[in-house]
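In what follows, chains are A, B, ... by sequence order, proteins preceding strands, each numbered from 1.
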Amino acid sequence: MTEDHKPTETQEPSDFIRDIVKGHVAEKRYPSIVTRFPPEPNGFLHLGHAKSICLNFGIARENGGTCHLRMDDTNPAKEDIAYVESIIKDVKWLIEGWADNVLGLKASGQKPETKSVNGKSDFSITSAPASVVNLQPFYASDYFDQFYAYAVELIKQGHAYVCDLSPDETELHRGSPDKPGKDSPFRVRPIAESLDLFARMKAGEFTDGTRTLKAKIDMASPNIWLRDPILYRIRHTSHHQTGSNWCIYPMYDFAHCLSDYIEGITHSICTLEFEVHRPLYDWILSSLSLLRPQPHQYEFAKLIPSYTIVSKRKLIQLVNEKIVSSWDDPRLPTLSGLRRRGIPASGLRRFVIGVGVTKYDSLTDIAVFEHAIREELNTAAERRLAVLKPIKLVLTNIAAGETIICKATNNPQSENSTTRDITLTREVYIESEDFAEVPPPKYFRLKPGGEVRLKYACIIKFSEIIKDAAGAVTEIHCTVDMDSRDGLPGSNRKVKGTIHWVSATNCIDAEVRLYDRLFTLEEPDSQGDFTKAINPHSLEVVHAKIEPSLKDAALGQSFQFERLGYFTLDSADSKPGKLVFNRTITLRDTWAK
RNA sequence: UGCCUGGUAGUGUAAUGGUAGCACCGCAGAUUCUGACUCUGCUUGUCUAGGUUCGAAUCCUAGCCGGGCAGCCA
């Protein structure tokens with residue numbers, strides 16, 4: 001791999017959206033680049049959002065701009081304050097140390113400013129400087145007054161009307177993709193009447209579903225979204241931010257473009273399914289004849305990782321049906337799940353930036369994700385010894401009570417790696433898979449008659465197997481080649497196999513959760529019901545013997561358990577004295593295959 | 001027989017009229033006190049058919065195939 005193509009974070013990525021932005025920067029079209037990440041607080045952020053976050057924050061970062069975190073909270077029925085909290089936490093986690101300096105937030109209580117020009121009101125809000133103490137995300141709901149004023153403006157100009165059609169009738173009037181719709185009878189309603197009705201909608205005079213505010217565009221348009229789309233609907237529902245102040249709420253299409261405008265967004269980047277909405281985005285903005293430059297929408301293909309699902313609805317189903325333990329179950333592709341599993345934010349970024357940005361949907365091999373994580377962890381994680389499925393090994397020429405101190409390298413990937421002491425004793429545990437009474441061909445771990453190295457310690461030679469009455473192996477006896485001990489010249493002697501171990505008298509216990517892919521199918525819902533593709537072995541819990549230094553492990557710290565994989569403390573269940581580790585990911589294993 | 005949009009190795013992504021490259025995966029080998037990492041090599045690709053051109057993944061025409069769009073969701 002040459003430096004030029006290495007998908008590192010110092011290497012600036014390039015794609016069709018960045019090319020557009022670059023062009024705008026070159027021609028100085030905007031004073032500065034402002035993007036936004038606008039999740040609706042109705043679920044947890046996941047791998048798919050990570051791509052959007054890295055794109056939007058990445059573009060801001062590469063161009064000295066800002067990226068607003070905005071709650072797209074225009075549908076109180078589906079939203080919850082708990083989601084707001086988790087979204088903030090997840091975003092901050094993902095961009096920390098990378099783009100946190102371009103994160104655009106507003107001051108607590110900050111609302112748009114109004115400027116009047118020629119009797120026309122213009123609304124704007126900008127991010128607060130980082131020195132402000134109480135920073136919080138932007139909220140579309142902060143602009144409800146402004147949206148309302150813009151809606152009134154639209155009515156006055158004859159671009160919108162109040163419609164009394166029921167939901168069913170509205171659907172009928174809309175027609176279908178290949179058949180034009182027909183005009184609502186209320187389309188010709190006098191402006192004054194619509195104005196009055198809209199005010200009364202706001203005042204709460206009508207019940208849910210009885211009236212809507214619609215844009216007056218073209219019921220025969222081949223684009224469904226231009227067939228008099230609904231701008232406002234009546235919802236007598238209290239809102240997590242605005243309480244019971246409102247009983248009419250703007251639709252996405254109306255609120256989004258205007259939020260972008262009010263915040264001075266220059267590039268509004270969203271996924272492909274909004275492509276057909278773009279004409280409406282532009283229509284609303286240009287119908288309002290706004291004072292400042294209009295933002296523009298650009299679309300890219302969302303991330304679809306193999307062997308996983310990222311649909312909010314299906315994620316909820318997994319949690320509700322208790323197929324996984326919670327929203328932050330380490331098997332889930334939610335950012336909270338990935339974090340709990342031990343996936344480093346830097347690795348996640350490396351992955352989503354590496355897959356690139358295009359305009360066609362594609363299935364991204366989850367192996368690419370796994371590779372990015374391993375690459376990140378390989379350089380970052382300190383090494384430790386741990387035995388997941390222990391079997392006892394007795395070193396017969398070490399006396400009971402005798403201890404031999406060995407030096408173990410903490411991180412062979414770093415040039416001036418430190419070491420730590422580990423203790424070799426007469427009785428140790430080794431991985432049961434590292435011994436085979438009847439070894440397969442090319443097996444170079446411990447076998448009858450064989451020799452193997454105990455990592456960092458010495459070379460041992462097999463002497464005998466001890467079995468119980470049932471014939472199961474209870475312990476293995478070996479002798480230590482004392483000249484091969486760590487630090488002695490004889491330690492340079494070559495043996496084919498090296499295995500990991502811990503002292504049986506000096507180790508500590510830990511629960512270790514071994515995670516695997518949640519689904520057995522590349523595309524879990526390719527064969528109908530995705531729950532049928534659940535991997536029954538996605539979680540295995542083992543009781544491991546681990547080296548004592550691990551009792552000082554810190555939350556959030558990643559370790560490589562040598563020859564096994566990368567592990568981190570479980571943030572929910574691990575306690576001092578009762579450690580629980582999650583396996584983030586295995587090491588690449590070319591032997592198992 | 002609607003509209004929008006897109007097709008490059010198995011997968012993901014470059015090449016913007018001038019040698020089809022990179023990464024992942026896979027395979028083979030070297031190295032190794034982690035069967036990891038690292039290193040070397042290998043297999044496999046421009047949807048099809050015409051056209052323009054000295055030259056086409058790129059431009060044009062036609063076709064084929066895929067994705068999206070008919071919430072008072074976002």
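The side chain to side chain contact (heavy atoms under 4.5 Å, CB included) with Ile585(A) is formed by just one residue from the set Tyr566(A), Phe567(A), Phe369(A), Tyr515(A); it is Tyr566(A).
Side-chain atoms of His173(A) and base atoms of rA70(B) include no donor and acceptor less than 3.5 Å apart. The base of rG35(B) does not come close enough to the side chain of Arg588(A) for any donor and acceptor atom to sit less than 3.5 Å apart. In the interface, the side chain of Glu299(A) is not paired with the base of rU5(B) through any donor and acceptor atom under 3.5 Å apart.
Both distances falling under 3.5 Å, in either a Watson-Crick or a G-U wobble arrangement, occur for no nucleotide opposite rU43(B). In a base pair of the Watson-Crick type (N1 to N3 plus N6-O4 or O6-N4) or a G-U wobble (N1-O2 and O6-N3), with each distance short of 3.5 Å, rG6(B) is matched with rC65(B). Both distances falling under 3.5 Å, in either a Watson-Crick or a G-U wobble arrangement, place rU38(B) opposite rA30(B).
Using a 4.0 Å heavy-atom cutoff across all strands shown, Arg453(A) reaches at least one base atom of the nucleic acid. If you check every strand for non-hydrogen atoms under 4.0 Å, Phe274(A) touches a base. Within the nucleic acid shown, Lys494(A) comes within 4.0 Å of sugar-phosphate atoms alone, with no base atom in reach, counting heavy atoms only. Contacts of Glu562(A) with the nucleic acid, taken as non-hydrogen atoms under 4.0 Å apart, include base atoms. No engagement by Asn492(A) is indicated, since no non-hydrogen atom pair under 4.0 Å with the nucleic acid exists.
In terms of position on RNA chain B, the residue among Asn223(A) and Lys78(A) whose nearest nucleotide sits closer to the 5' end is Asn223(A).
Between the side chains of Gln413(A) and Asn411(A), no donor-acceptor pair is found at a separation under 3.5 Å.
An OP1 or OP2 oxygen of rC37(B) is reached within less than 4.0 angstrom by no side-chain nitrogen or oxygen of Thr379(A).
Rounded to the nearest Å, the gap between the C1' atom of rG45(B) and that of rU8(B) is 6 Å.
Atom CG in Asp253(A) sits about 11 Å away from atom P in rA70(B), given to the nearest Å.
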